[in-house]
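See structure below.
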Amino acid sequence: MEERKKIVVICGPTASGKTKLSLLLAKKFNGEIISADSMQVYKGLDIGTAKVSLEEQQEAKHHLVDFLPPSQKYNVEIFTRLAAEKIMEISSEEKLPIIAGGTGLYIESLVNGITFTDQNDTSEIRKELAEALKEKGGEYMYNLLESIDGDYAKNVHPNNTVRVLRALELYKATGKTMTQQLENSHPIKKPYDELLIGISYISRENLYDNINKRVDSMLSQGLLKEARYVYDNRNEFKNSAAAIGYKEFFPFFEQLQSLEACTEKLKQSSRNYAKRQLTWFNRMKNINWVYVDGTENYIEKALQLTENFVGGNN
RNA sequence: GGGAGUGUUCCCGAGCGGCCAAUGGGGGCAGACUGUAAAUCUGUUGUCUACGACUUCGAUGGUUCGAAUCCAUCCGCUCCCA
């Protein structure tokens, strides 16, 4: 009987210090890092996504970072599949897989071993549904969902057309309702023996402060040039053009708003995003929270947690 | 110095005698989330010993049964003429 692989997961809001901590743990515990981030996968999008630098990548091996052209799709299904492979590889080399990232959906799906229903390319269906929405309105689409999957409809707000359409898309593409997907996606036994470490802040204000400062520093590193690149290719870069850090500058490129106004907007979006991430991670149980308080205590605590975890049985 | 305008709850901004603790947006806070997730969406937001009470709409004083809404004076800001 195969024993479950040990993995360490570092999660937390943007600008909380996940990269720094993951590098440290990787060095101390002979680990390799798997990024659980939906945007850092794209080549050429370095500054805005706060991707690990090449120097930092010298300190520890990184996976699922900087390997896709920005025009390519990336999603939970791809992530969980690739990440699971990487975990196997790393473990087989007697190394510790460290998952680090801020995309809650990706992390939770990976850790719980969620399986996604096979589906072919759904872009046509998605297009049709989008058109139907435009023509018949949100209420109509919501009623449609109610008729095929009332249970799921109850849990989705009618205004949330993205979720309504996806549920319809799943049904059209696979014949399965979202309710069925939700029921059948969990494995009998959880796939990993995991240690979840969440980075949070004693003071929300300090986190927001960090975010603001990081935006300024990104700008001085050349964020604008990168944003321009994304702007010029926005029709190709479907996913990445929606990333925080780029789309906020579009009004500037279109001469509709000042650079200052766009910069403020970016800081704002980043703060809002951080809050959403915290909401997600707060809901996940079993996260061991370490709190940044201006000292190095949180690092100590994270090291200790990991020490106990890897040192434990086996 | 003369003329026109303006001052609203954390911010912007409606309201122009009672239906106003005061539309809306932003922010804050809280929440949802199974193939777009750095996306998408929801709730809440004066105070309290809360189905009621209390204090708010630059300040003070009036008119009125009743004012954020009308009048007077004052203070601040904006614009125009000097």
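Below, chains carry the letters A, B, ... as their sequence lines are ordered, and counting in each starts from 1. Every value quoted in this text rests on a predicted model; they were computed, and no experiment measured them.
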[N] phosphate, OP1 or OP2: any side-chain N/O from [X] under 4.0 angstrom?
X	N	value
Thr14(A)	A38(B)	no
Thr103(A)	A38(B)	yes
Tyr106(A)	A39(B)	no

Exercise. What do you reckon, are the aromatic ring centroids of Phe79(A) and Tyr106(A) less than 6.0 Å apart?
Worked result: yes
Problem set entry | Centroid separation Tyr229(A) to Phe237(A) less than 6.0 Å | yes
For this session: Just call it for Tyr246(A): base, sugar-phosphate, or nothing, with non-hydrogen atoms closer than 4.0 Å on any strand.
Result: nothing
Problem set entry | base_contact_polar (U34(B) base, Ser185(A) side chain, donor-acceptor, <3.5 Å) | yes
Exercise. Quick one: does Asn160(A) reach the base of A32(B) with a side-chain donor-acceptor pair under 3.5 Å?
Worked result: no
Seminar exercise, completed: Between CG of Leu165(A) and P of A37(B) the distance, given in whole Å, is 16 Å
Seminar exercise, completed: Rounded to whole Å, the CG-C1' distance (Asn239(A) to A39(B)) equals 9 Å
Partner lookup for [N], please. Criteria are Watson-Crick or G-U wobble with both distances under 3.5 angstrom; report none if nothing qualifies.
N	answer
U73(B)	A59(B)
C19(B)	none
U42(B)	A30(B)

Show me the donor-acceptor pairs, under 3.5 Å and distance only, between side chains in residues 64-75 of chain A and residues at least two apart or in other chains.
residue: Asp66(A); atom: OD1; partner: Lys51(A); partner atom: NZ; Å: 2.9
residue: Asn75(A); atom: OD1; partner: Glu77(A); partner atom: N; Å: 3.0
residue: Asn75(A); atom: OD1; partner: Ile78(A); partner atom: N; Å: 3.0

Exercise. Should the pair Glu32(A)-Lys95(A) be classified as a salt bridge under the 4.0 Å nitrogen-to-oxygen rule?
Worked result: yes
Seminar exercise, completed: Out of G31(B), G28(B), A37(B), minimum distance to the side chain of Arg276(A) belongs to G31(B)
Problem set entry | Residue whose nearest RNA chain B nucleotide is more 5′ - Arg81(A) or Ala50(A) | Arg81(A)
